[in-house]
4 protein chains.
Amino acid sequence: MRFTKAEKMVRNKSSNPQKTDRREEILDGAERAFGRKHYHEATMDDIAEVVGVGKGTIYLYFASKEDLFLSAAERKLSQLAEITRAASESGSDAADAIRRIVHAQLDFFVANIEFVRMLFVQLGNFHLGESQSLSDIRQRWLPAMLQTINLTTSAIERGQSEGAFRNVPARDAAMTLDAMIRNCVFMQALDPFTDLATKGQVVETIFLEGMLNHE
Amino acid sequence: MRFTKAEKMVRNKSSNPQKTDRREEILDGAERAFGRKHYHEATMDDIAEVVGVGKGTIYLYFASKEDLFLSAAERKLSQLAEITRAASESGSDAADAIRRIVHAQLDFFVANIEFVRMLFVQLGNFHLGESQSLSDIRQRWLPAMLQTINLTTSAIERGQSEGAFRNVPARDAAMTLDAMIRNCVFMQALDPFTDLATKGQVVETIFLEGMLNHE
Amino acid sequence: MRFTKAEKMVRNKSSNPQKTDRREEILDGAERAFGRKHYHEATMDDIAEVVGVGKGTIYLYFASKEDLFLSAAERKLSQLAEITRAASESGSDAADAIRRIVHAQLDFFVANIEFVRMLFVQLGNFHLGESQSLSDIRQRWLPAMLQTINLTTSAIERGQSEGAFRNVPARDAAMTLDAMIRNCVFMQALDPFTDLATKGQVVETIFLEGMLNHE
Amino acid sequence: MRFTKAEKMVRNKSSNPQKTDRREEILDGAERAFGRKHYHEATMDDIAEVVGVGKGTIYLYFASKEDLFLSAAERKLSQLAEITRAASESGSDAADAIRRIVHAQLDFFVANIEFVRMLFVQLGNFHLGESQSLSDIRQRWLPAMLQTINLTTSAIERGQSEGAFRNVPARDAAMTLDAMIRNCVFMQALDPFTDLATKGQVVETIFLEGMLNHE
DNA sequence: AATGAATGAGGATTCATTCAT
DNA sequence: GATGAATGAATCCTCATTCAT
């Protein structure tokens, strides 16, 4: 039985253990490589070397450099959404859910610092559109990104309907919080000697105190 | 008579008005070109076309593509620092200074949306280090960036010493605010139909209410 | 036990019926594959897929892609020589032999259109030499090709010695006839709706009338 | 003033002497390079070396390797059509026109042996279709090829309407003659010591005697 | 014997930079 | 000073061949 290239690509997502492993290995390496250099600066040779496979091998699992890049980010974004869901659900009330989301995401970002590099280096581009060939970035990344932002938005809306949170546009607030958290990782990278916990605390304080109804 | 490349570059910083004008024109064009495409996606041909000069001409004023890019951003970052200083100084008290900074920066970003694209697309890289050839990004950008962040930090410290602001690490808070403001521009770019004023209001509310001492 | 590559190749020429069958299958597939695409455009993957075997299997029977290609053509050229011999021998006189050769070859070409594609696409190269890696094309193909052309040449010489044919260099005439016949197949491919029989008739008429002594 | 790439390509066809010269130089080199090796075997490096320019320079004048190849052949085919027209028009009667066409084309082919190699190596492919990316070969080459074949066809039809030529399908006869002439060049390449004049004579004799009405 | 995943040399194309005009 | 034609290093991707299973 024969498969076209496209079909093969799909098959790779199936559960064949060997192929899946190799695919994951390549994604791991790509994450590291793209974490160290810009999309345009990381060459396929770099990536192959990091992964420890031949250049051609990558093309057995991914259709192009772009596909590889999008896939690597996609995987991480899904994990982030999952982390966020778990954090949100374990919160006793809205404020607690927010607190847990903040810390869960911080932990995730720190544990995946290379992903953060990779992702946010490209993210400006995502937000700001234009880039033709990377245009389908939207299609590949948006679902997981929306899922994540929606979870935070929901937590805020819950707090608002309970009367605990100030009445600001929930989605805007959620995206603001998102930016605040990401920023901690940037700061951490800038000055590795400060404590990330402190920074997380600052975000938590400012955001929660800013949201809470003090009457 | 001949000049080494270094000598030429120094000469270009001289005050010959014609040369200065042409240099500024090129920076304007670079800003637009880099605003539309990634550093690696914008070619020197693109830039020359946008500026309306020959490709070789750019090399009379800038040593390399990288130098051009760094210079264009440098100029804007200085303007941002200037704007921020004016806003901060015109504030009647700490909270007012913060409010003015938020809105001044938002206005500046909106008026220079292409710069924001250009800058923040590369910024992740800046924060997160590594990239060899762009390593001197630090040297070129850091002064103006520090100046800007220090102005916000000072305003916060003023509020804290007056007892109006909560006692969190001022610099971390300043950088958090910075991230919140930048994020507005991203959101604006994502959904151009929402009102930027609203988003600015959300940032102002969350940050100020979060910082204010409610006892 | 291990064999060097050369030993393996020799073994493959042995008469083990199974191996021979598989070898023929692969040649059949190669013929189809090379008939559809240029030598350089048909990949070993293509061929393996057409044949319905694994890519590695081909290398059990042929030393390289080039060897496969040369072998496939070699086989067909031998068949063409055989067809031509039969046609020539069944002719009652020289003119009749020529007529039979023309039609036998046309029939063969039509029945093996993919071979014709394969062969004549490469043939310019053959005639015109140079191509290093394909240089031994000569050694592999020339025997059968000479055999074919010699049969036609003999028929013409017979006609000349009988006084029926005009006295032109027989070998040149034979090669000209060969080109005329091949050309029919090209024309047929160009315009599939015209009748090949007509074209064959044109060739027969022009060649025979041109050769016959009209005194 | 600025031009898009496509516009530049068109401009190159204009009469700017420098650009035209360089373009012609490249075509000359391409002709030699493609004459020595198959389209797929001649690399852009080869061609650049033969021409004596940098690899990138070729791309200033031609959009791709394919474009270069098609352009080189196009140029020659136009010259062949022109040669053929002149020969046909200078013929005193139909038979004479044919004779002149035969010898003019032979001379042209001999003088442009590398073109013949280039062209006919690819021509099988042309006639026999398929090759996707080279599909527009048709559009680029057909006009000049049709022009050439139509000239020969006309000469034959003239002879038929004058009653001098046998009544066979004129176009088929023309294409047959074409194949006969091309074949001389092949033979010449095979055995460089034979006289091409003799071969031309054989073609002329067989074709004309075959076409002439002997009643 | 048969397979097809892995490999890396090789090739088309792009683009920052130079330099003759 | 200004230009843009020329360059070739660098990059993505393909595919013949190998070899562990």
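Reminder, nothing fancy here: chain letters follow the sequence lines and each chain counts from 1. Computation of the quantities below employed the complete heavy-atom set of this structure, encompassing side-chain atoms and omitting hydrogens, waters and symmetry-equivalent molecules.
Map Gly54(D) and Met44(C) each onto its nearest nucleotide of DNA chain F; the residue landing nearer the 5' end is Gly54(D). Each of Gly56(A) and Gly56(C) was matched to the nucleotide of DNA chain E holding its nearest heavy atom; the match closer to the 5' end belongs to Gly56(C). With the nearest nucleotide of DNA chain E identified for both Val53(A) and Ser64(D), Val53(A) has the one nearer the 5' end.
The existence of a salt bridge linking Lys55(C) and Asp46(C) is excluded, since no basic side-chain nitrogen approaches an acidic carboxylate oxygen closer than 4.0 Å. Here Arg75(A) pairs with Glu24(A) in a salt bridge; the nearest charged N to carboxylate O distance falls below 4.0 Å. Ion pairing between a basic and an acidic side chain is recognised when a charged N comes within 4.0 Å of a carboxylate O; Arg140(A) and Asp67(A) show such pairing.
When both distances must be under 3.5 Å, the Watson-Crick or G-U wobble mate of dG10(E) is dC13(F). Under the Watson-Crick and G-U wobble criteria, each requiring two contacts below 3.5 Å, nucleotide dT3(E) is paired to dA20(F).
Side-chain N/O atoms of Thr57(B) include one lying less than 4.0 angstrom from OP1 or OP2 on dT3(F). For the pair Thr43(B) and dC15(E), the criterion of a side-chain N or O lying under 4.0 Å from OP1 or OP2 is not met.
Atom pair Glu41(C):CD and dC15(F):P shows a separation of 10 Å (rounding to whole Å applied). In this structure, CD1 of Ile58(A) is placed 10 Å from P of dC13(F), rounded to the nearest angstrom. Atom CZ of Arg23(B) and atom C1' of dA2(F) are 18 Å apart (whole Å). Rounded to whole angstrom, the span from the CZ atom of Phe62(C) across to the C1' atom of dT18(F) amounts to 18 Å. Between the P atom of dG10(E) and the CG atom of Asp45(A) lies a distance of 14 Å, rounded to the nearest Å. Distance CD (Glu66(C)) to P (dT17(F)): 9 Å, rounded to an integer number of Å. As rounded to whole Å, 18 Å separates atom P of dG10(E) from atom NE2 of His40(D). Put simply, OH on Tyr39(D) is 9 Å from C1' on dA12(E), counting in whole angstrom units.
Of the possible polar contacts, one joining the Lys65(D) side chain to the Tyr39(D) backbone as a donor-acceptor pair under 3.5 Å is found.
With dA6(F), dA1(E), dT7(E) as the candidates, the nucleotide lying closest to the side chain of Tyr61(C) is dA1(E). Each of dT3(E), dT13(E), dT3(F) was ranked by its minimum atom distance to the side chain of Lys55(D); first place goes to dT13(E). When each of dT17(E), dT3(F), dA16(F) is scored by its nearest atom to the side-chain atoms of Tyr59(B), the top-ranked nucleotide is dT17(E).
With hydrogens and angles left out, the side-chain atoms of Thr57(A) and Arg22(A) include no donor and acceptor closer than 3.5 Å.
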